[in-house]
Novice: 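After the structure tokens below, expect a handful of questions from me.
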Amino acid sequence: MTSQTPKLQVFISDYELERVLDQAVKAAINEQVGQSIEKHLDAVISEVLVHRIRAVTDEMVRAEVGRVLTEGWAKTNQWGEKQGEAITLASIVRDGLKPFLEGNPHSYNAEDKKPKVQRIVEEFTASEVKKAMQPVIDEAKRQLQSQLDISIGKSLRLTLADALKGP
């Protein structure tokens, strides 16, 4: 005996086949488009969020830095406890400029008693005046040497002439 498997024949009209295929294609397209739109929206939303977070963070940092620069900040110990008075940008600048604006009254050197800025200005001025005057000084030296040579030569001639005349 031979066994036979039952066979089922299904007839689908062309219209029904086309409709089923259209639905399958539409479902596949919708899924692909949906995934593509989702990826694009995720990228756009991420970019917008990153931009907005950066803008908010920048504004917060600017505000805090501005507050700290105007109000100052406190020194702290190793445990973060505030110590002493607040430090301001103005006090840092003032402390940094103090050596330039004040001399050392306890120094035995007269130059050290002058404020540093005064010494710098005096040295710069002296250097610039010397550079500007050097050609004039060199010309004056040359002319003086020439006049001395003429004077000494004339004086030597007169002395020799008197000595050679005899008594």
Novice: CG/Asp58 to CD1/Ile53 distance, rounded to the nearest 0.5 angstrom?
Specialist: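 Answer for the CG-CD1 pair, Asp58 versus Ile53, is 12.0 Å.
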
Novice: Please say whether more than 12 non-hydrogen atoms of neighbouring residues, nucleotides or ligands are located less than 6.0 Å from CD in Gln35.
Specialist: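 Result for CD/Gln35: enclosed.
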
Novice: Heavy atoms only: give me the nearest Leu17-Ile12 pair and the separation to one decimal.
Specialist: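 Looking at all heavy atoms of both residues, the closest pair is N-CG2, 3.6 Å.
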
Novice: Going only through I, L, V, M, F, W and Y residues with side-chain contacts under 4.5 Å, is there a path from Ile37 to Ile29?
Specialist: yes

Novice: Tell me the side chain to side chain donor-acceptor pair (under 3.5 Å) pairs involving residues 65-75, sequence neighbours left out?
Specialist: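 Non-adjacent pairs meeting side chain to side chain donor-acceptor pair (under 3.5 Å): Glu64-Arg67, Arg67-Glu71.
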
Novice: Do any N or O atoms from the side chain of Ser127 and from the backbone of Glu123 form a donor-acceptor pair under 3.5 angstrom?
Specialist: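 Pair absent, no side-chain N/O of Ser127 close to backbone of Glu123.
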
Novice: Treating Ser91 as the side-chain partner and Ile87 as the backbone partner, does any N or O pair qualify as donor plus acceptor under 3.5 Å?
Specialist: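 Side chain of Ser91 to backbone of Ile87: no pair is present.
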
Novice: Who pairs with Ser13 by side chain to side chain contact (heavy atoms under 4.5 Å, CB included), at least two apart in sequence or on another chain?
Specialist: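 If we apply the side chain to side chain contact (heavy atoms under 4.5 Å, CB included) test to Ser13, skipping adjacent residues, the hits are Tyr15, Glu16.
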
Novice: Hey, is the main chain of Ser155 close enough, under 3.5 Å, to the side chain of Thr159 for a donor-acceptor pair?
Specialist: yes

Novice: Side-chain contact, heavy-atom cut-off 4.5 Å: Val136 with Glu139?
Specialist: no

Novice: Is any side-chain N of the basic residue among Glu122 and Arg119 closer than 4.0 Å to the acidic one's carboxylate O?
Specialist: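 Result for this pair is no, no salt bridge flagged.
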
Novice: For Lys141, which residues count as a side-chain hydrogen bond (donor to acceptor under 3.5 Å, both in side chains) partner, sequence neighbours excluded?
Specialist: none

Novice: Within the supplied structure, the quantity of interest is the number of heavy atoms (other residues, nucleotides, ligands) at a distance under 6.0 Å from Glu85 CD; does it exceed 12?
Specialist: no

Novice: Distance alone, cut at 3.5 Å: any donor-acceptor contact between the side chains of Gln143 and Gln147?
Specialist: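 There is no such pair (donor and acceptor under 3.5 Å, judged by atom type) between the side chains of Gln143 and Gln147.
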
Novice: So does Asp14 have more than 12 non-hydrogen atoms from other groups sitting under 6.0 Å from CG?
Specialist: no

